[in-house]
Number of protein chains: 2
Amino acid sequence: MTDATPARSADAAPTRTPRPRRTRPATLERREEILRAAMRVFGSKGYHQGSLAEVAEQVGITHAGVLHHFGSKDRLLTEVLEFRDRVDVEHLEGQHIPGGLDLFRHLVKTAAINAERPGIVQAYTVLTGEAVTDGHPASAWVTERFTGLRADIAGALREVIEERRAAGDTDTDYELTDAALDLAASTIIGAMDGLQIQWLLDPEAVDLAESTAFAIEAILASTLAGARRPRPLD
Amino acid sequence: MTDATPARSADAAPTRTPRPRRTRPATLERREEILRAAMRVFGSKGYHQGSLAEVAEQVGITHAGVLHHFGSKDRLLTEVLEFRDRVDVEHLEGQHIPGGLDLFRHLVKTAAINAERPGIVQAYTVLTGEAVTDGHPASAWVTERFTGLRADIAGALREVIEERRAAGDTDTDYELTDAALDLAASTIIGAMDGLQIQWLLDPEAVDLAESTAFAIEAILASTLAGARRPRPLD
DNA sequence: TTTCTCTTACTGACGAGTAAGTAATGTGTG
DNA sequence: CACACATTACTTACTCGTCAGTAAGAGAAA
């Protein structure tokens, strides 16, 4: 039984360099094109309903060409998600990631910008919704994304409250638990996501920017008011 | 060009009655079984990813049997949605649909109940998320559902405010526009839906009942406080 | 001449819908 | 009441389409 694979290390001439070539710049661009196309397709049709053929067509190749670059549909999806993360971060490059009240202003501004690009919002919403199905390849990513967002927002909340305390605001001297901050953070994220769904389905009926701003202000006010705020349901 | 279809009305013996037989009770039960199975399947896998074969298997027949009853997968989905509507209404039978503050208490209680039945929540969330994809058969249903919910909640809000005015609460004598009520209504619905997503993905991280209650109280308080509430972002 | 990019061509699987047939369950007629 | 025959509730066995993934090779680049 002879080895069918060519002998590599054993007696290859030492003159032979291992020859790494790797990615040309044109190829990297190609891959980004594919990622962008995939984002459009998965965003409008969902992951399961979107096909590799459709992604391929948008960049003028065949579906096998896409598989050459990404190996499988699952891997394509995860690379799309990582790519989005990278792009989002680059977008903030130069500017620091805002904290404190600025984070909330940033969220409101983002909603206003998103109201002009339904495609992005749809992509995010579809993938997030799909991720709660059993065994979906994006569910880990979405879950971690939520975890990160909650931490960021809870942190910003803490900053705001501590700032006010430092300024001698006696309205804020209640117990400040992590749980309460997380609660507010989840609620803000939830409201933003839920409003996006309604807006996508019926843009006439919901003003994305305005309702997002309202939600954040309401939750912020309630959180800052702490335990002493009258609870309307009691 | 002769008519290939047998002459029906022209000279058929008047003795022939059209013979309607229709559905036996056992059949109706069978169809309900199928609808319940379909809800489970579409709820856990989504509409596109869930197959007729899987639905059929759960009631012990073949996928062709399902098609015999419902004609097509699309029709099955719409009948599932109509069935859910019917069941939900029956569930409230006897009790009046609550209005005013009771509606909000009802929403909070529903969230607490839902925290014990992730299947239902998942079904609702998956279908809603999928509905924002292009040309999805459930999008009309979901859109109308949101429209109805917004109207109900906005109406309840109006009731609450008018009650307080009647009681002489001067805190509520600001302009009361429909737009403001709809805004609050969308936000409450959005928060509930968004929190469900996070809870499904990470039940440890989010307390569905508590966060929903918090969201509703915060938005309610903000709305009742009207225009005079300090706006933290300004 | 090796490596990379991509195509053509194929496989295997799965899924919705159709067609034809079968067994059971009624229903109208004599 | 009995018989004939509609109608129902399915099954089996397809068709047709789609889609992910594979294999082999061609042309270009390095």
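So that the names make sense, note that chain A is the first sequence line, chain B the second, and so on, each numbered from 1. These numbers come from a predicted model, not from an experiment.
Distances shown here put a side-chain N or O of A/T27 below 4.0 Å from the OP1 or OP2 atom of C/dT5. OP1 or OP2 of D/dC10 sits under 4.0 Å from a side-chain N or O of B/R30. For the pair A/R31 and C/dT5, the criterion of a side-chain N or O lying under 4.0 Å from OP1 or OP2 is not met.
In this entry the distance linking NE2 of B/H68 with P of D/dT7 reads 14 Å, nearest Å. Note: NE2 (B/H69) to C1' (D/dT7) measures 14 Å, nearest angstrom. Note: CZ (B/F70) to P (D/dC10) measures 11 Å, nearest angstrom. Between the CG atom of A/L28 and the P atom of C/dT5 there is a distance of 9 Å, rounded to whole Å. Rounded to whole Å, the distance from CD on A/E29 to P on C/dC6 is 12 Å. The CZ atom of A/R75 sits 11 Å away from the P atom of D/dT22 (whole-angstrom rounding). As rounded to whole Å, 16 Å separates atom C1' of D/dA26 from atom CD1 of A/I61.
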Using Watson-Crick and G-U wobble pairs with both distances under 3.5 Å, what is the 5'-to-3' dot-bracket string of DNA chain D, with [ ] for crossing pairs and | for pairs outside the strand? ||||||||||||||||||||||||||||||

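Not counting sequence neighbours, the partners of A/E33 by the salt bridge (charged side-chain N to carboxylate O under 4.0 Å, His left out) test are A/R30. Residues passing the salt bridge (charged side-chain N to carboxylate O under 4.0 Å, His left out) test with B/K45 are B/E54, sequence neighbours excluded. Applying the side-chain contact (heavy atoms from CB on, under 4.5 Å) criterion to B/I120, with sequence neighbours excluded, gives B/R84, B/R117. Scanning for salt bridge (charged side-chain N to carboxylate O under 4.0 Å, His left out) contacts around B/E32 gives B/R36, with sequence neighbours left out. Partners of A/R75 by side-chain contact (heavy atoms from CB on, under 4.5 Å), not counting sequence neighbours, listed by chain and number: A/S72.
Counting only distance, with no hydrogens or angles, the side chain of B/Q198 and the backbone of A/S186 share a donor-acceptor pair below 3.5 Å.
Counting only residues at least two apart or on different chains, the side-chain hydrogen bond (donor to acceptor under 3.5 Å, both in side chains) pairs with a member in residues 131-142 of chain B are A/Q122-B/D134, B/D85-B/W141.
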Just list the side-chain donor-acceptor pairs under 3.5 Å for residues 208-216 of chain B, sequence neighbours left out, or say none.
unit_1 : atom_1 : unit_2 : atom_2 : d
B/S211 : OG     : B/D207 : O      : 2.7
B/S211 : OG     : B/L208 : O      : 3.3
B/T212 : OG1    : B/L208 : O      : 2.7

Any protein N or O atoms within reach of nucleotides 10-17 of chain C? Criterion: under 3.5 Å, listing atom names and distances.
unit_1 : atom_1 : unit_2 : atom_2 : d
C/dA16 : OP1    : B/L52  : N      : 3.4
C/dA16 : OP1    : B/K73  : NZ     : 3.1
C/dA16 : OP2    : B/L52  : N      : 3.1
C/dG17 : OP2    : B/K73  : N      : 2.8
C/dG17 : N7     : B/H63  : NE2    : 2.9
C/dG17 : O6     : B/H63  : NE2    : 3.2

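Applying the 6.0 Å contact sphere to CD of B/E57 captures no more than 12 heavy atoms from other residues, nucleotides or ligands.
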